[in-house]
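Scroll down for the structure; my scribbles are underneath it.
Throughout, a chain's letter reflects where its sequence line sits, starting with A, and its residues are numbered from 1. What you see below is based on every heavy atom in this structure, not just the backbone, and it leaves out hydrogens, waters and symmetry mates. Being a predicted model, the structure only gives us computed values, none of them experimental.
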Amino acid sequence: MRLEYKRLLLVQKGFLTFQMSSLLTLTSISKRFDNGLEAIRRLDLAVAAGEFVSLVGPSGCGKSTALRLVAGLTAPSAGTLSFAPARPEIAFVFQEPALMPWTGALANARLPLDLKRVARGEAEARAERALARVGLKGFEKAYPRELSGGMKMRVSIARALAAEPKLLLMDEPFAALDEFARQALNDDLIALAREDAITVLFVTHSVFESAYLSSRVLVMTPRPGAVAAEIALRPPAIRDAAWRMSEDFLAGARRISAALKLAMESTA
Amino acid sequence: MRNALNIAVPLALGIAVLALWQWATVHFRISPFVLPPPSAIGTALAENFSSLAESLGVTLAVTWIAYLLALAGGLALAIVFSQSRVAERALYPYAVILQVTPVLAIAPLILIWTGYDHVERAAVIIAMVVAFFPILSNATLGLRSVDPALSDLFALYGASRLQRLWRLQLPSALPYILAGMKISGGLALIGAVVAEFVAGSGSATGLAWRITEAGNRLEIAKMFAALALLSLAGIANFYALGFLQWLVLHRWHESALRQDD
């Protein structure tokens, strides 16, 4: 783990770019929108398979843009983005559950499979299983408006799982939830990602959430965003209340917090 | 309870107004050539019921055919707009011109083109022109009002244009389309009546023509009877479309949720 981190640091510095085993590598990526706004400037980022990486930074620092770039929803203005060995199956969970209000939870979870023209029976079975895994067995027919905020987000996660992604991109998915729902979803997310060996790139502005979830945290500068600091953490495989109370967790949170403060001050 | 009140209160008001009307025409000795009492209107309706009902059928047929054509045309054009910005830029101004030009002004032209022996065709075209625009503009707006996150998701999972249209844009547009359909339902009836008035020839047999005819013969009560039937038809159309809207949307759209929900 430790070695992996050092290797990644070298990749980031551009030394090892020819022999990286990263699932995803962003090299000197910049993004300037049509209206002239520069969201990201020379962002370097590498994520290895199996990592849980969080991007933490102030609002408007280009975290979301970075995710959209990785997903291919927007193109970089400069720099390269590469996947190894090939572009993995990618799923995206947004801050809003972004469910189709006109249909039930099962049909929502089935969406990626429907769009990929997976046979109806198989799609149905996979979506059903995904819903059961996020704890929504029995809610297959429920319409989004009949579900609570936390349950809607669970449907959104089930939809991502149904696509059987290798890389899961999450854009402040739990920001709008109450603390109780957020903690429950944090724990479930870790378990699900581990079971399916999903690599997660997670955007949040919560220091504590990133410290709780991540194996590595990238602190970003205010706009135009770039990585200001990198903090490796060593969380236990199963996160629980004991981890939330542990010294290691708090120490990690302190380091992230300090790095974030530094990143803010250095550009202010 | 609330439902019962919703019906009882307007019904009671209606009865009270009719009673006042009846009393006033007798008490102030108003000439039946100016304002016939409701009882006379009722009698006229009963006496001429079969001919009036037949005329109502003609008017409604024109209304519904025109309505369905407007619906199909409006939706089709909105879908074309949603697929091609160029088509939208090119065609939308003309749709607006068609909308803002008073239909009464183009009615005689349409009548000349279809010929006086096919007044019903002219009526269908006129009613369609009137009913067309709300469906076009609402559907165009609706097809564009897609949740951007869902739109991203469709892109991420490689949705085709057809999948995007069928699974995302059309369902997102449904509330807008249904709202447009409700407006157009009323307009189609107005268009049908206007067309008959303009046509104004002996070959027209709809309710509007009956009104003109009864007016010429100073059968004022019969005019009112025909008018009452037209109102009823309009109300029926309105509520039928409202019911359709509720049927389609009540499980998921805010507009169809009950206030006390």
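Of residues 66-85 of chain B, no residue lies under 4.5 Å from chain A by any heavy-atom pair. For residues 165-192 of chain B, the interface with chain A (any heavy-atom pair closer than 4.5 Å) comprises B:R167, B:L168, B:P171, B:S172, sorted by residue number. For residues 141-161 of chain B, heavy-atom neighbours of chain A at less than 4.5 Å comprise B:D147, B:A149, B:L150, B:D152, B:L153, B:F154, B:A155, B:L156, B:Y157, B:A159, B:S160, sorted by residue number.
Using a 4.0 Å cut-off between charged nitrogen and carboxylate oxygen, B:E254 and A:R145 do not count as a salt-bridge pair.
Only the side chain of A:L73 comes within contact range of chain B, with at least one heavy atom under 4.5 Å from a heavy atom of that chain. Contacts of A:A91 with chain B are made by both backbone and side-chain atoms, with heavy-atom separations under 4.5 Å. Interface residue A:D114: backbone and side-chain heavy atoms are both found under 4.5 Å from chain B.
If you tally non-hydrogen atom pairs under 4.5 Å between each of A:E89, A:E146, A:R117 and chain B, the highest count goes to A:R117.
A:R126 CZ: more than 12 foreign heavy atoms inside a 6.0 Å radius. For A:D34, the CG atom is loosely surrounded, since the number of other residues' heavy atoms within 6.0 Å does not exceed 12. The neighbour count for B:F238 CZ, taken as heavy atoms of other residues, nucleotides or ligands under 6.0 Å away, does not exceed 12. For A:K141, the NZ atom sits in a loose shell: 12 or fewer heavy atoms of surrounding residues, nucleotides or ligands are nearer than 6.0 Å.
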Donor-acceptor pairs are to be reported for all side-chain atoms of residues 94-108 of chain A against protein atoms at under 3.5 Å, with residues two or more places apart or in another chain.
residue	atom	partner	partner atom	Å
A:N108	OD1	A:M100	N	2.7
A:N108	ND2	A:M100	O	3.1
A:N108	ND2	A:T103	O	3.3
A:N108	ND2	A:G104	O	3.1

